[in-house]
K.L.:
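To start, I am sharing the structure in question, which I have written as structure tokens.
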Amino acid sequence: MLAQYLLDPDQKAWGLDRIGDAWGLAGDTSTAEGLADLVYRVSYPIDAALEESHLTSTLNEMEIPFAAVLADMEMAGIRTDTAYLRTFGAKLGIRIAELERQAYELVGTHDYSLQSPKQLGTLLFDVLGLAPTKKTKTGLSTDVESLEAIQKEHPAIPLILELRQLTKIKGTYTDSLVRYVTPDGKIHPTFLQTGTSTGRISCIDPNLQNIPARTEVGREIRQAFIPSHDGWVLVSADYSQIDLRMLAHLSADANLCNAFAQGEDIHLHTASQVFDVPESAVTPEMRKRAKTINFGIIYGISPYGLSRQLGIGGEEARQYIERYMERFPGIRNYRDRVVEAAQRDGYVKTILGHLRRVPHINSRNNMERQEAIRQGFNAVVQGSSADVIKMAMISLSKDLQPLKARMVLQVHDEIVVDTPPDELERVRGMMQRSMESAIHLSIPLVTHLSCGSNLRDLE
DNA sequence: GCAGTCACG
DNA sequence: ACGTACGTGACTGCA
């Protein structure tokens, strides 16, 4: 199997040429002997580089075993109800046709495609004379944010928004997904272990890491993902706030660590701190803003970005960030230390030592440098969380070995297992244990478990 | 093949 | 005056 993989002239051999080039080595990759020789010679400088970065054990104890875990997961696959997807797709088709009819009637012309952003822009901003709110590189934007801003200005806009949403769901998740179902009734996606710059995995053909979850109509797609056998169960376990907990651990900020140690509602806590009121006085709006601030912190916050996200002024956003950093001084200090190290080394490191290079960290171009700072800081947090869930999956994989239950999906902070009912309680215990004790942090890692007969109805 | 859009964490 | 929240992949229209 490996030899076949290596000899496929359109895939891995080409990749090995590139690896050889990258390490200053050349070879004849058209034969098995040449490939083996190149693999052998390239192993020396790679091993040396790993040693120098103290990544030999991370490779051997995490990434190599993890590759096998991903392979198991791909081979297991997830059973998919194609009849349901077809029926749902047909229903969406009817609704889409009706929305199209109504929208064209309201705009009074059939001369512009509502599907084409360019033509829709011409229709809305030139023909109908609506005021644009946002630009793209090449013209006027018609994305959700832009359309929502002007939806009170013309009765067709809400219909176009729904049309957009439904065509997206139908196009990506009903008709197209069915084509991936193999004769065993399952979808077997490919997980890319080196698909991201932060250490997360990605998923292709199809991407099952972006199945709709945020809207009711979207969640109906999740009903199509079911256990592999009648009576079996899908169990999902997801980390609660893993990125913020990781940041608390890495920074050792006393305030944030205490909040997690005491099991606080973290967005409520942040709201209370930033808006300087007792937790009992935090309004839903304040909590929502605090949630946005917490996300912003993970992303390497900027006043401009936060102001855009919250729809507030730049000065107000600046004050929020200032107040946050006053209340969580360990976060500011940690961010400064990460940036300083990155400016010295040209890379940042995750909790297990994975590197992310940030070549523009010392750029004289302000925007380019700020971008590198955000990317570097975020990569430490996101990448360290990725390290945690990878270790959890390796551990869980060993636990599941003697059982029939199998991992079928990983979605960054979530693992889904397909299990027979008589293994359910053991599997739940294994998932919780392996995830919560994957890597020991100074604060607890917390998971939420749920199970059900499809990916939507989990409780 | 790129740009725009939108699905996810 | 202007501008960027982090990380992905799939689909569509259009050069």
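Just the heavy atoms: all of them, side chains too, but no hydrogens, waters or symmetry mates, feed the values below. Being a predicted model, the structure only gives us computed values, none of them experimental. In what follows, every chain begins at residue 1, and chains take the letters A, B, ... in the order their sequences are listed.
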K.L.:
Of all heavy-atom pairs between A:Leu55 and A:Gly353, which one has the smallest distance, and what is that distance?
P.N.:
CD2-O, 3.2 Å

K.L.:
Are any of A:Arg200's side-chain N or O atoms less than 4.0 Å away from OP1 or OP2 of B:dG9?
P.N.:
no

K.L.:
Would A:Phe377 and A:Tyr299 count as a ring-ring contact (aromatic ring centres under 6.0 Å, His included) here? Give the steps.
P.N.:
CA-CA 8 Å; A:Phe377 182 76; A:Tyr299 294 156; over 10 Å; no

K.L.:
Looking at A:Phe88 versus A:Tyr173, is the centre-to-centre ring distance below 6.0 Å?
P.N.:
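Between A:Tyr173 and A:Phe88, which both carry aromatic rings, the centre distance is not below 6.0 Å.
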
K.L.:
Taking the minimum atom-to-atom distance to the side chain of A:Gln115, which one of B:dA7, C:dA5, C:dG13 wins?
P.N.:
C:dG13

K.L.:
When rounded to the nearest 0.5 angstrom, what distance separates CG in A:Asp413 from NE2 in A:His448?
P.N.:
11.5 Å

K.L.:
For A:Ile169, which contact category applies under a 4.0 Å heavy-atom criterion: base, sugar-phosphate, or nothing?
P.N.:
nothing

K.L.:
Can you spot which of A:Lys134, A:Arg164, A:Lys118 makes a side chain to side chain donor-acceptor pair (under 3.5 Å) with A:Thr142?
P.N.:
A:Arg164

K.L.:
Looking only at the side chain of A:Tyr299 (C-beta and beyond, no hydrogens), which of the listed nucleotides B:dG4, B:dA7, C:dC6 gets closest?
P.N.:
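When the side chain of A:Tyr299 is considered, C:dC6 is the closest of B:dG4, B:dA7, C:dC6.
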
K.L.:
Applying a 4.0 Å non-hydrogen cut-off, can you work out what A:Asp205 is touching in the nucleic acid: base, sugar-phosphate, or nothing?
P.N.:
sugar-phosphate

K.L.:
With heavy atoms under 4.0 Å as the rule, sort A:Ser113 into base, sugar-phosphate or nothing.
P.N.:
nothing

K.L.:
Quick one: which of B:dT5, C:dC14, C:dA5 gets closest to the side chain of A:Phe295?
P.N.:
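Of B:dT5, C:dC14, C:dA5, C:dA5 is nearest to the side chain of A:Phe295.
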
K.L.:
Angle between ring planes, A:His269 versus A:Phe328, binned at 30° and 60°: parallel, tilted or perpendicular?
P.N.:
perpendicular

K.L.:
Using a strict heavy-atom distance below 4.0 Å, which residues from residues 356-391 of chain A are in contact with DNA chain C?
P.N.:
A:Arg356, A:Met367, A:Arg374, A:Gln375, A:Asn378, A:Gln382

K.L.:
Is DNA chain C part of any stem, that is, at least 3 consecutive Watson-Crick or G-U pairs with both distances under 3.5 Å, and where?
P.N.:
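Expected stems, ordered by start: B:1-9 with C:6-14.
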
K.L.:
Check this for me: does the side-chain of A:Lys118 come within 3.5 Å of the base of C:dC14 through a donor and an acceptor?
P.N.:
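Under the 3.5 Å cut-off, the side chain and the base do not form any donor-acceptor pair.
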
K.L.:
Categorize A:Gly300 for me: base, sugar-phosphate, or nothing, with a 4.0 angstrom heavy-atom threshold over every strand shown.
P.N.:
nothing

K.L.:
Round to the nearest Å and state the distance from A:Asn210 atom CG to B:dC8 atom C1'.
P.N.:
5 Å

K.L.:
Measuring from atom CD1 of A:Ile351 to atom OG1 of A:Thr58, what distance do you get when rounded to the nearest 0.5 angstrom?
P.N.:
11.0 Å

K.L.:
Show your working on side chain to side chain contact (heavy atoms under 4.5 Å, CB included) between A:His154 and A:Val107 and close with a plain yes or no.
P.N.:
CA-CA 9 Å; A:His154 196 284; A:Val107 296; 4.0 Å; yes

K.L.:
What is the separation between atom CZ on A:Arg179 and atom C1' on C:dA10, rounded to the nearest whole Å?
P.N.:
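It works out to 11 Å between those atoms.
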
K.L.:
Under the criterion side chain to side chain contact (heavy atoms under 4.5 Å, CB included), I'd like the reasoning laid out for A:Tyr104 against A:Thr109: C-alpha separation, chi angles, the key distance, then a yes or no.
P.N.:
CA-CA 6 Å; A:Tyr104 277 123; A:Thr109 168; over 6 Å; no

K.L.:
Below 4.0 angstrom, N of the basic side chain to O of the carboxylate: do A:Lys390 and A:Glu63 qualify?
P.N.:
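Between A:Glu63 and A:Lys390 there is a salt bridge, with a charged N closer than 4.0 Å to a carboxylate O.
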
K.L.:
How many Å lie between NZ on A:Lys170 and P on B:dT5, as a whole number?
P.N.:
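Value for this atom pair: 23 Å.
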
K.L.:
Expressed as a whole number of Å, how far does the C1' atom of C:dA5 sit from that of B:dC2?
P.N.:
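The answer is 24 Å between these two C1' atoms.
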
K.L.:
So, the side chain of A:Glu436 versus the backbone of A:Thr447: is there a donor-acceptor pair under 3.5 Å, distance only?
P.N.:
yes

K.L.:
Between C:dC11 atom P and A:Ile204 atom CD1, what is the distance in whole Å?
P.N.:
12 Å

K.L.:
Between residues 302-341 of chain A and DNA chain C, which residues have a heavy-atom gap below 4.0 Å?
P.N.:
A:Ser302, A:Tyr304, A:Leu306, A:Gln309

K.L.:
In whole Å, what is the span from the CD1 atom of A:Ile415 to the C1' atom of B:dG9?
P.N.:
14 Å

K.L.:
Looking at A:Arg164, does any N or O in its side chain come under 4.0 Å of the phosphate oxygens OP1/OP2 on C:dT12?
P.N.:
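So the side-chain polar atoms of A:Arg164 never come under 4.0 Å of the phosphate oxygens OP1 or OP2 of C:dT12.
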
K.L.:
Please tell me which of the listed nucleotides, C:dC11, B:dC6, B:dG9, lies nearest to the side chain of A:Ser176?
P.N.:
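Among the listed nucleotides, the one closest to the side chain of A:Ser176 is C:dC11.
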
K.L.:
Between atom CG in A:Asp143 and atom P in B:dG4, what is the gap in whole Å?
P.N.:
11 Å

K.L.:
Rounded to whole angstrom, note down the C1' distance from B:dC6 over to C:dA1.
P.N.:
30 Å

K.L.:
Indicate, with a heavy-atom threshold strictly under 4.0 Å, whether A:Asn207 touches base, sugar-phosphate, or nothing.
P.N.:
sugar-phosphate

K.L.:
So, does A:Lys137 get its side chain near the phosphate of B:dC2, meaning an N or O under 4.0 Å from OP1 or OP2?
P.N.:
no

K.L.:
Between B:dT5, C:dG7, C:dT8, which nucleotide has the shortest distance from any of its atoms to the side chain of A:Ser202?
P.N.:
C:dT8

K.L.:
Between A:Leu147 and A:Val144, is a side chain to side chain contact (heavy atoms under 4.5 Å, CB included) present by the stated rule, with each step listed?
P.N.:
CA-CA 5 Å; A:Leu147 294 186; A:Val144 172; 6.0 Å; no

K.L.:
Check the phosphate of C:dT8 against A:Ser197, side-chain N and O only, distance under 4.0 Å to OP1 or OP2. Yes or no?
P.N.:
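Answer is yes, contact under 4.0 Å.
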
K.L.:
What is the distance, to the nearest angstrom, from the CZ atom on A:Arg219 to the C1' atom on B:dG9?
P.N.:
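So the CZ-C1' distance, A:Arg219 to B:dG9, works out to 15 Å.
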
K.L.:
Please state whether the phosphate of B:dA7, meaning OP1 or OP2, lies under 4.0 angstrom from any side-chain nitrogen or oxygen of A:Thr172.
P.N.:
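Negative; the distance criterion is not met.
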
K.L.:
Has A:Ser141 got a side-chain N or O lying under 4.0 Å from the OP1 or OP2 atom of B:dG4?
P.N.:
no

K.L.:
Does C:dC11 have OP1 or OP2 under 4.0 Å away from a side-chain N or O of A:Thr167?
P.N.:
no

K.L.:
Working note: A:Asn255 + A:Gln273, criterion side chain to side chain contact (heavy atoms under 4.5 Å, CB included); need CA distance, chi angles, decisive distance, verdict.
P.N.:
CA-CA 10 Å; A:Asn255 189 347; A:Gln273 297 284 304; 2.7 Å; yes

K.L.:
Respond yes when some side-chain nitrogen or oxygen of A:Thr142 is under 4.0 Å from OP1 or OP2 of B:dT5, and no when none is.
P.N.:
yes

